[in-house]
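Contents: one structure, followed by commentary.
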Amino acid sequence: MRGHPTFGDSLLALFLVLLELPILISHQFREPFFVYAGIDVLVIAPIVLRRRNSLLSCYLVLGAGVLQLVVDGVLGTNDLLRAADIALGISLYTMVVYVGRRQAAVYALWLVLCTAMWSFWLVRPAGNWGIAGIAVLGLLAFCWVLGEFVGARRAYQSEVEQRLRLLENERDQQAKIAVAEERARIARELHDVVAHAVSVMVVQADGATFAVHTNPELAERAVKTISSTGREALTELRRLLGVLRADDSESERTPQPGTSSLNDLADRVRLVGLPVRLKLKGELDGLPAGIGLGIYRIVQEALTNTLKHAGAGASAIVRVSRIGDNIELDITDDGFGTPHELVSISGGNGLIGMRERANVFGGTLEAGPRPGGGWHVRAVLPIQGT
């Protein structure tokens with residue numbers, strides 16, 4: 001009904017027509033049938049538009065109600081309440097819910113005046129006019145209160161939906177900020193890697209210059225070192241250009257860690273209170289500095305998340321394997337702390353950072369809860385082209 005308001009309001013109008021039919025049939029042989037039928041159509045038909053154009057619909061119903069009052073007065077009809085009159089109560093409800101209290105109060109004042117006129121002009125000669133007027137006013141009061149209740153509920157629901165949209169926008173903005181910060185951090189670290197490679201090239205070039213005549217073999221080795229270091233620097237430089245760098249932030253000038261620092265990382269985490277088993281497989285010492293740094297950061301972030309969310313008594317296993325031209329990382333824990341739904345919210349920046357690390361090197365990263373409990377992080381980083 002909310003998606004198709006005209007259809008729902010048409011059903012409501014049809015219901016009012018069905019309620020009015022017995023009264024129309026009773027007037028068929030003693031009063032102008034088509035006059036009453038036409039007025040009923042004028043009163044009920046605008047209900048179809050009550051949510052499309054609320055103000056117009058309500059005043060069309062009011063105008064048709066006044067016309068009905070005049071016709072009843074001229075013809076001497078004294079029906080206490082006709083089904084078409086319910087449309088006036090529905091219109092008052094519509095004004096309260098969809099238009100506003102101020103205009104609804106003006107509309108209610110018109111209805112009260114019409115009710116008073118109806119009571120004195122038509123009902124009083126037949127008696128019990130006071131009871132009839134109170135009944136109609138009670139119906140209008142009920143429609144007003146119902147409109148207030150539904151309007152307040154709609155306003156509350158609208159506010160909740162607006163807050164949800166704001167929270168979604170805020171979450172998206174925080175994710176974008178986290179991505180930008182992580183890319184800036186990666187760029188700074190890769191900048192240091194490239195700077196170190198260039199420094200090595202300069203030193204080797206100076207050494208080759210002095211040794212080219214006295215020690216050709218030493219000069220040849222220096223030139224080969226320059227060549228390999230230069231290729232590595234170009235690769236890291238391409239990665240550096242692929243991420244954003246914060247120009248106004250200060251770059252760290254400390255030596256960047258790599259796979260050789262994983263043992264130290266595991267020792268530090270054990271001192272904090274998380275038992276960690278580190279399993280290294282394959283040749284990991286000769287990896288380029290950039291990819292070694294990426295491996296270290298992914299393992300570091302995964303263990304940090306374990307410390308935050310795994311709970312007391314948890315342990316972790318870190319597997320780093322070189323299989324062919326790929327480096328495979330597998331970090332698991334057996335924690336039963338924070339539920340994984342909350343980890344996805346509170347630890348979202350860490351997961352974003354790990355994925356950004358993997359994406360920089362053309363790799364993939366998957367993270368999620370384990371079937372038997374705990375958390376699992378798996379990353380694959382290609383070595384080719386590095």
Side-chain angles (χ1 to χ4, degrees), residues 178 181-201 203 228-229 231-233 235-240 242-243 245-246 249-308 316-322 326-333 347 349-363 365 367 377-383 385-386:
E181 290 178 349
E182 190 62 28
R183 287 182 177 179
R185 180 185 177 191
I186 295 171
R188 290 195 300 270
E189 292 174 349
L190 291 179
H191 171 270
D192 292 340
V193 171
V194 173
H196 173 73
V198 173
S199 298
V200 171
M201 293 168 60
V203 172
S228 61
T229 306
R231 290 190 182 93
E232 180 180 335
T235 301
E236 304 300 343
L237 184 59
R238 284 194 294 269
R239 291 199 184 102
L240 175 62
V243 296
R245 174 168 183 170
S249 60
E250 296 182 0
S251 301
E252 298 179 0
R253 296 303 176 186
T254 57
Q256 300 295 348
T259 53
S260 59
S261 303
L262 291 176
N263 287 305
D264 295 335
L265 174 63
D267 291 337
R268 290 197 301 271
V269 174
R270 293 189 191 104
L271 290 175
V272 175
L274 176 66
V276 178
R277 284 187 291 168
L278 180 63
K279 298 182 179 181
L280 305 179
K281 180 180 178 181
E283 181 60 38
L284 300 175
D285 294 334
L287 294 176
I291 197 169
L293 174 62
I295 293 170
Y296 181 89
R297 292 303 187 196
I298 292 175
V299 173
Q300 182 185 42
E301 191 61 51
L303 292 178
T304 300
N305 285 342
T306 299
L307 285 170
K308 289 180 180 179
I317 301 176
V318 178
R319 297 181 179 88
V320 182
S321 305
R322 179 171 182 171
N326 293 326
I327 299 295
E328 297 185 4
L329 306 178
D330 192 270
I331 304 99
T332 58
D333 65 66
N349 291 353
L351 296 179
I352 291 173
M354 288 189 287
R355 287 195 176 95
E356 285 298 315
R357 293 279 178 182
N359 290 336
V360 166
F361 297 101
L365 185 138
V377 176
R378 174 177 172 78
V380 178
L381 306 180
I383 307 175
T386 62

Take Thr306 and Leu274, measure what side chain to side chain contact (heavy atoms under 4.5 Å, CB included) needs, and give me the verdict at the end.
CA-CA 8 Å; Thr306 299; Leu274 176 66; 3.6 Å; yes
Can you tell me how far apart CG (Leu278) and CG (Leu280) are? Round to the nearest 0.5 Å.
4.0 Å
Any chance you could measure Ile298, atom CD1, to Leu303, atom CG, to the nearest 0.5 Å?
12.0 Å
Could you give the distance from OG1 (Thr304) to CG (Leu265), rounded to the nearest 0.5 Å?
7.5 Å
Report yes if the side chains of Pro257 and Leu293 come closer than 4.5 Å at any heavy-atom pair, otherwise no.
yes
Under the side chain to side chain contact (heavy atoms under 4.5 Å, CB included) criterion, do Leu329 and Leu365 qualify, and how do the steps go?
CA-CA 9 Å; Leu329 306 178; Leu365 185 138; over 6 Å; no
Nearest-0.5 Å distance that lies between atom CZ in Arg277 and atom CZ in Arg270
10.5 Å
Does any N or O in the side chain of Arg322 come within less than 3.5 Å of the main-chain N or O of Glu283, such that one atom is a donor and the other an acceptor?
yes
Side-chain heavy atoms of Leu262 within contact of Val299, under 4.5 Å:
yes
Can you tell me how far apart CG (Asp333) and CG (Asn305) are? Round to the nearest 0.5 Å.
9.5 Å
Taking all non-hydrogen atoms of both residues, which atom of Leu287 and which atom of Ile291 are closest, and how far apart?
CB-CG2, 3.9 Å
Atom pair CD1 (Ile383) and CG (Asn326), whose distance is rounded to the nearest 0.5 Å
7.0 Å
Heavy-atom closest pair, residues Glu328 and Arg378:
OE1-NH2, 3.5 Å
